[in-house]
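See below for the structure under consideration.
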Number of protein chains: 2
Amino acid sequence: MVNVGKRSGRPRAGEERLSREAILTAALRIVDDEGIDALTMRRLAATLQVNPMSLYHHLPNKAAVLAGLAELVFAGLELPDPGDAVPWDEQLKEAARAYRNGLRQHPNLALQVLSDTSAVSDVVVVTMEPFYLALDRAGLSPRQIFEAANTLIDFIHGFSLGEASVRAQTFELAPDLLTRVRALPADKAPTLTRIVDGLGVEGLAYDFDDGFESGLSTLTAGIAATARRR
Amino acid sequence: MVNVGKRSGRPRAGEERLSREAILTAALRIVDDEGIDALTMRRLAATLQVNPMSLYHHLPNKAAVLAGLAELVFAGLELPDPGDAVPWDEQLKEAARAYRNGLRQHPNLALQVLSDTSAVSDVVVVTMEPFYLALDRAGLSPRQIFEAANTLIDFIHGFSLGEASVRAQTFELAPDLLTRVRALPADKAPTLTRIVDGLGVEGLAYDFDDGFESGLSTLTAGIAATARRR
DNA sequence: TCCTAATCCATACGTTGTACGATTATGTAC
DNA sequence: GTACATAATCGTACAACGTATGGATTAGGA
């Protein structure tokens with residue numbers, strides 16, 4: 001087989017074609033556009049117009065690609081710090097909102113990002129600084145700050161996971177919790193049924209933004225109570 | 001090739017037969033013992049001493065197997081209700097502890113369980129009843145109960161995800177957050193570094209149980225504050 | 001000019017999920 | 001009993017996957 005239109009071997013000086021970054025960027029685009037299952041090494045190589053095996057020079061295997069994507073998403077997080085201009089709880093909420101928004105940018109990757117512990121690199125650790133900054137002003141002990149930050153982050157993770165799970169499936173959307181509860185036989189979960197019915201008409205559709213804000217308020221109130229008890 | 005020891009075609013009346021339940025049970029065992037990657041249709045069929053294609057008579061595809069496993073885990077949850085004998089917040093905490101413990105039984109499945117929205121079946125919805133029971137006693141509006149329950153569940157999910165991610169990898173355990181922060185250049189995240197250093201020696205290893213309890217206390221305190229403001 | 005390392009390509013192997021059709025038993029209608 | 005639809009299993013086969021191996025080509029330093 002003769003090489004037509006495509007040369008083998010190391011590319012000439014000016015024509016660098018592959019790099020870890022370029023690969024990850026292309027991979028991110030595929031995942032965002034077509035879902036995580038659409039990401040295969042062959043497909044990835046095709047969009048880069050390159051032989052599949054060329055990828056392995058820059059990344060050891062597919063798991064490394066996924067880990068790289070998780071890292072990329074985290075690195076893309078930008079948590080603006082309003083500083084001492086606002087009360088500590090509002091400062092904390094701002095950081096949380098930014099964190100959630102960052103994760104929302106790539107719903108198809110949420111699962112990968114949130115579960116890849118190897119992605120807990122320096123990048124991620126540094127991301128948490130704004131949370132500590134805000135909590136430090138609340139009058140907590142180091143241990144309390146540590147626990148509070150973890151709790152808040154766990155909440156954001158759980159929330160984002162649920163949000164992403166819903167947003168990720170473009171097809172076959174399952175009935176959400178509210179409609180499902182209404183379809184339930186009344187004696188299976190009486191209290192649940194009564195409460196959900198009591199929500200009224202405006203509560204028919206679940207609003208993720210409202211849910212997140214509500215969670216943030218509950219958490220900051222709980223943290224404030226902890227601070228007061230000290 | 002001659003059939004030795006195994007006949008083709010429909011089994012005779014008294015003969016051992018396949019069923020959705022038997023398949024899922026075997027699948028759960030494989031996942032628990034060897035991880036989610038060990039679960040292949042061929043491997044599953046082999047442990048059942050059956051042809052791989054036989055599985056497809058009871059389940060449409062592998063995704064259905066995984067969804068079935070998620071459902072199975074949820075169905076296995078048993079949230080004991082201490083009733084009115086204890087204060088509402090302790091009642092709520094008990095439900096939360098049981099929920100977390102249920103998810104812990106199958107760390108290799110946590111990812112699947114927590115992300116599979118199609119598993120949000122009646123089984124799962126009913127599981128939430130104890131949370132509503134407890135919250136109903138706290139003096140909240142229906143809307144507040146609804147939001148509080150979601151917040152608590154999101155926290156448990158996020159927490160369980162982190163816990164499972166750590167417990168699932170038997171190999172290549174990454175350094176945890178604490179040791180990683182200590183290895184950080186001091187100027188990258190000064191507050192974070194200072195707080196973690198202030199944790200003292202006893203805080204060297206992260207204790208999941210303590211972390212969970214701390215989160216529960218923060219959340220119940222926050223919910224109590226919401227109730228008071230009503 | 002030669003050497004080494006970088007970069008990419010071609011081929012190939014084992015494994016995966018599962019489509020398709022054949023095979024054998026069961027349950028029902030006559 | 002006989003005929004027939006249906007249920008349950010199996011055998012074969014295929015396309016797609018991740019990637020091991022080894023070879024080709026070139027850049028850049030000695």
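The chains referred to below are lettered A, B, ... by the order of the sequence lines, with proteins before strands, and numbering in each begins at 1.
Of the listed nucleotides (dT18(C), dT11(C), dC17(D)), dT18(C) has the atom at the smallest distance from the side chain of Tyr56(B). Between dT9(D), dA10(C), dC8(C), one nucleotide has an atom nearer to the side chain of Leu18(A) than all others, and that is dC8(C). Listed candidates were dA13(D), dT21(D), dC10(D). Nearest to the side chain of Met53(A) is dT21(D).
When rounded to the nearest whole Å, the span between CG of Leu66(B) and P of dG17(C) equals 10 Å. When the P atom of dC10(D) is taken as reference, atom CD of Gln49(B) falls 11 Å away, rounded to whole Å. Taking atom CG of residue Leu44(B) and atom C1' of nucleotide dT16(C), one finds them 14 Å apart after rounding to whole Å. For the pair Met41(B) CE and dC17(D) P, the computed distance is 19 Å after rounding to whole Å. Here dT9(D) presents its C1' atom at 19 Å from CZ of Arg20(B), a figure rounded to the nearest Å. Straight-line distance from the CZ atom of Arg43(A) to the P atom of dG18(D): 12 Å, rounded to whole Å. The distance between atom CG of Leu59(B) and atom P of dA7(D), rounded to the nearest whole Å, is 16 Å. What separates CZ of Arg42(A) from P of dG18(D) is a distance of 7 Å, to the nearest Å.
In this structure, Arg100(A) forms a cation-pi arrangement with Phe212(A), its terminal cationic atom sitting closer than 6.0 Å to the ring centre and no more than 45° off the ring axis.
Contact annotation: Asn51(B) side-chain N/O to dT9(D) OP1/OP2 distance is not under 4.0 Å. Taking only side-chain nitrogens and oxygens, Ser54(A) never comes nearer than 4.0 Å to OP1 or OP2 of dT7(C).
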Can you list the steps and then say if Phe155(A) with Tyr99(A) is a ring-ring contact (aromatic ring centres under 6.0 Å, His included)? CA-CA 11 Å; Phe155(A) 163 70; Tyr99(A) 190 74; over 10 Å; no
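In this structure, Glu34(B) places its CD atom where more than 12 heavy-atom neighbours from other residues, nucleotides or ligands lie under 6.0 Å away.
Inter-residue side-chain proximity for Glu129(B) and Pro190(A) is flagged as met; some heavy-atom pair is nearer than 4.5 Å.
When each of His58(B) and Leu39(A) is assigned the nucleotide of DNA chain D with its nearest heavy atom, His58(B) is the one assigned upstream, toward the 5' end. The residue among His57(A) and Pro60(B) whose nearest nucleotide of DNA chain C lies closer to the 5′ end is His57(A).
Formation of a donor-acceptor pair under 3.5 Å by the Ser165(B) side chain with backbone atoms of Ser115(A) is found in this model.
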